[in-house]
Amino acid sequence: MAAVRRSLGVFLPASNHLSKSSFLANPCHLTPSRGFMRDKCNIDADSNCNDEISKIRNEFEEAKRNFLNIPAALKEMPTMNPEGIYINKNLKLDDLQVYGFDYDYTLSHYSENLQVLIYDLAKKHLVYELKYPESCLQFEYDPEFPVRGLYYDRQKGCLLKLDFFGSIETDGCFHGRKKLSVEKIKELYGTRHIGRGIERGLVALMDFFCFSEACLIADIVQHFVDAKLDFDTSYVYDDINHAIQHVHRSGLVHRQILAEPHKFLVKNERMLQYLQRLKEKGKKLFLLTNSPFYFVDGGMNYMLEGYIEKGSSWRELFDVVIAQANKPTFYNSEYPFRCYDIEKDTLAFRAVDKLLQNQVYYHGSLKSFLQITKWKGPEVIYFGDHLFSDLKGPAKAGWRTAAIIHELEDEIKIQNSEPYRFQEAKLNIILELLGKIHATVVSTEKGQSYKSLLNELNLERQKCRAAIRDLFNSSFGATFLTDTGKESSFAYHIHQHADVYTSKPENFLAYPPESWLHPPYDIKIMPHHVKDSCPVQFLEAYLKAHAELNCFTKPLIN
């Protein structure tokens with residue numbers, strides 16, 4: 001039982017009554033009910049059951065008294081590094097000879113103003129070009145609504161948050177901006193578990209640009225519902241996705257960013273330091289991005305302005321620069337590379353059989369890239385923010401992969417905060433008590449004391465989950481976790497496609513280039529989640545603190 005409590009992170013007086021109960025020792029408790037007749041065995045079972053319920057009730061009341069104060073020992077719990085490197089698969093940095101980088105949200109850091117800009121530009125395209133109602137122009141981007149890793153159901157018009165196993169998060173299903181009840185979810189889907197097979201009918205919103213897209217989808221659907229207009233939810237997605245793509249491909253968003261770089265881009269000296277250290281160690285570097293060269297060049301010049309030597313160019317850091325690569329098509333096509341003339345803004349017609357440092361290339365394919373460079377898969381690592389466009393293809397090609405998840409930093413800071421740790425501790429207490437009450441009740445009839453206690457525990461559980469969710473995002477909660485503490489579907493895809501993940505590439509500066517990175521020995525799924533949130537030493541510290549306060553009269557550890 002102590003091991004169970006440690007794995008759950010439960011701060012609760014240990015109790016042996018469950019393991020020593022006659023339920024486990026007396027086989028007569030397994031006697032089936034005989035109509036309305038109740039033998040002595042059943043009566044004894046009910047008596048023992050009531051005793052157990054009373055004990056659990058006492059433990060619950062004792063726990064509630066201690067909810068009023070956050071124990072000092074809570075501060076001794078281990079914390080995770082917001083700027084750490086988190087490992088899914090062993091990675092020996094010394095074996096890596098080639099480092100590849102995406103540009104957007106990998107080398108470049110953007111302010112939240114970018115999401116507002118994309119939202120506004122796409123909204124105007126819907127109205128002026130696709131003839132959506134002019135009232136849609138009143139919409140404003142809501143940064144508090146979306147998280148990354150949602151799915152849009154084209155048939156039903158719902159935004160969904162799924163867990164690691166493909167079940168719908170009960171508080172993470174929205175039709176427009178309206179959260180759907182569990183009953184409505186079951187009415188629409190028949191069950192909360194829709195499985196990965198049905199995901200083919202869902203659209204995954206996985207990259208960092210999806211925030212504005214998810215918010216616009218919800219706003220448009222809600223607007224049509226409120227206006228009582230007939231509409232096809234599949235067409236809504238197609239139109240919004242078309243508008244978002246137009247904003248990027250037309251260069252609208254690129255030109256706006258370069259016109260006001262101080263408003264959208266974040267300067268970054270540490271990124272320069274990281275790239276320079278790799279070069280000093282003799283590593284090969286390449287840039288592989290879908291963005292046009294003029295946009296990358298303008299952004300890199302701004303971000304490194306004042307940090308790079310005068311007369312030098314950021315391009316000197318890279319052995320190969322490839323723009324407009326058309327990922328993920330890049331990974332499975334046979335498109336040829338084209339030399340790009342920076343001065344004339346034109347593409348050359350001659351065949352490319354070498355990739356030179358002083359040249360910029362467009363398009364191309366992974367097949368040609370490997371044939372020309374002779375770089376072997378396991379010695380290459382690629383950094384990107386999009387799990388499908390950036391990392392899925394390289395992973396299949398044998399490259400090592402690093403996912404850049406900017407929101408990871410904020411989520412770990414919340415995990416480390418006192419409010420989160422208190423609510424998590426409180427929730428774990430409730431969950432253990434719920435486990436006890438379900439394991440204890442053996443009677444075919446559940447008395448009022450059982451129902452009352454069960455309702456109170458479930459209410460407390462709901463309050464804890466809501467409080468934890470609101471610490472991250474009031475609509476969808478944490479990016480990596482569901483309200484029930486399970487890893488999310490987004491976490492599943494990181495686990496599938498990323499060898500390591502972190503908030504920024506320059507976080508690797510804290511690790512020697514010869515480091516050998518291993519997953520934690522006690523890892524379940526995602527290594528940045530503390531699995532043993534209540535280790536033995538913490539329990540002992542907690543016991544000592546509360547013994548001094550005479551809070552508990554029972555031993556804490558078996």
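Counting from 1, the numbers follow the sequence of the chain as shown. What you see is a predicted model; the values in this text were computed from it and never measured. The figures here come from the full heavy-atom set of this structure, side chains too, leaving out hydrogens, waters and symmetry mates.
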### Query
Is it the case that T482 and D163 place a side-chain donor and acceptor less than 3.5 Å from each other?
no
### Task
Identify the two heavy atoms, one from I468 and one from Q423, that lie closest to each other, and give their separation to 0.1 Å.
CG1-CB, 3.6 Å
### Query
Quick one: does E514's side chain have a donor or acceptor within less than 3.5 Å of a partner on L93's backbone?
no
### Query
Between F209 and H248, how do the two ring planes meet: parallel, tilted or perpendicular, split at 30° and 60°?
perpendicular
### Backbone N/O of I168 and side chain of Y189: donor-acceptor pair under 3.5 Å
no
### Query
Heavy-atom distance under 4.5 Å between the side chains of I404 and F101, does that happen here?
no
### Message
Taking salt bridge (Lys or Arg N to Asp or Glu O under 4.0 Å) as the criterion, tell me which of D390, D385, D207 meets it with K327.
### Response
D390
### Message
When you compare the side chain of F490 with that of V147, does any pair of heavy atoms fall below 4.5 Å?
### Response
no
### Message
Below 30° counts as parallel, above 60° as perpendicular, anything between as tilted: where do the rings of Y340 and F293 land?
### Response
tilted
### Query
Is the H497 ring parallel, tilted or perpendicular to the H493 ring (thresholds 30°, 60°)?
parallel
### Message
Any non-hydrogen side-chain atom of W314 less than 4.5 Å from a side-chain atom of L272?
### Response
no
#### Entry: Beyond-backbone contact of V253 with F295, side-chain heavy atoms, under 4.5 angstrom
no
### Query
Which class fits the ring pair W399 and Y331: parallel under 30°, tilted 30 to 60°, perpendicular over 60°?
perpendicular
### Task
Flag yes if more than 12 heavy atoms outside K267 fall under 6.0 Å of its NZ atom; otherwise flag no.
yes
### Task
Keeping the roles fixed (side chain from K161, backbone from A478), state whether a donor-acceptor pair exists under 3.5 Å.
yes
#### Entry: Qualifying residues under salt bridge (Lys or Arg N to Asp or Glu O under 4.0 Å), relative to D219, sequence neighbours excluded
R177
### Task
Assess whether atom NZ of K156 is packed by more than 12 heavy atoms of other residues, nucleotides or ligands within 6.0 Å.
yes
### Task
Spell out, as yes or no, whether a donor-acceptor pair under 3.5 Å connects the side chain of H406 to the backbone of Y105.
yes
### Query
Is there a side-chain contact between P146 and Y141, using heavy atoms and a 4.5 Å cut-off?
yes
### Query
Within the side chain of R315, is there an N or O that forms a donor-acceptor pair under 3.5 Å with the backbone of N358?
yes
### Task
Tell me yes or no: between the side chains of Q256 and E260, is some donor less than 3.5 Å from an acceptor?
yes
### Query
Side chains of T329 and Y335: donor-acceptor distance under 3.5 Å anywhere?
no
### Query
Are the side chain of N290 and the backbone N or O of N326 linked by a donor-acceptor pair below 3.5 Å?
yes
### Task
Taking all heavy atoms of S503 and all of L408, pick out the closest pair and write down the distance.
N-CD2, 4.0 Å
### Query
Using 30° and 60° as the class limits, which term best fits the ring planes of Y99 and F383: parallel, tilted or perpendicular?
parallel
### Query
Under the criterion ring-ring contact (aromatic ring centres under 6.0 Å, His included), which of F164, F165, F480 is the partner of Y492?
F164
### Query
S475 versus K179: any side-chain heavy-atom pair under 4.5 Å?
no
### Message
Whether K131 and D239 form a salt bridge (side-chain N of Lys/Arg under 4.0 Å from carboxylate O of Asp/Glu) is what I want to check.
### Response
no
### Ring geometry between H125 and H242 (parallel below 30°, tilted from 30 to 60°, perpendicular above 60°)
tilted
### Task
Mark yes or no: K124 above the aromatic ring of Y128, with NZ or CZ under 6.0 Å from the six-membered ring centre and no more than 45 degrees from the axis.
no
### Query
So, R154 and D238, do they make that salt bridge, N to O below 4.0 Å?
yes
#### Entry: Heavy-atom side-chain proximity of F231 to V221 below 4.5 angstrom
yes
## Note on the structure
Distance col, row Y307:OH vs E269:CD, nearest 0.5 angstrom, shows 5.5 Å
### Message
Once rounded to the nearest 0.5 Å, what's the spacing between atom CG of L387 and atom NE2 of H495?
### Response
13.0 Å
#### Entry: Sidechain N-carboxylate O distance under 4.0 Å for E316, K279
no
### Task
Examine distances only and state if a side-chain atom of R400 and a backbone atom of V380 form a donor-acceptor pair shorter than 3.5 Å.
no
